[in-house]
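Presented below is the structure to which this report refers.
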Amino acid sequence: MELTWISIAASLAMGSGAAFLFIYAVKRDWMKNIEDAKYQVFWSDRQDTPPVNPSQEKADGSQSKAK
């Protein structure tokens, strides 16, 4: 029975901690522009991968080695 109360107290502490962290982040404008993170990841992925020549692409979508 003691273990049940300990797990209930721990879950309430973690939930309230997450709620306070969320409120703190909103007040500090950490979530000002949520879409900005999406575009940073998108454009960094686009710049890291070199363009694939369609003639070098196999039927299954993988790239063949250039000859």
For residues 17-28, the side chain to side chain donor-acceptor pair (under 3.5 Å) pairs (sequence neighbours left out) are Tyr24-Arg28

Between the CG atom in Leu3 and the CE atom in Met1, the distance rounded to the nearest 0.5 Å is 11.0 Å

Using residues 14-23 as the side-chain source, report each donor-acceptor pair under 3.5 Å to any protein atom, sequence neighbours left out, with the distance given to one decimal.
unit_1, atom_1, unit_2, atom_2, d
Ser16, OG, Leu12, O, 3.1
Ser16, OG, Ala13, O, 3.1

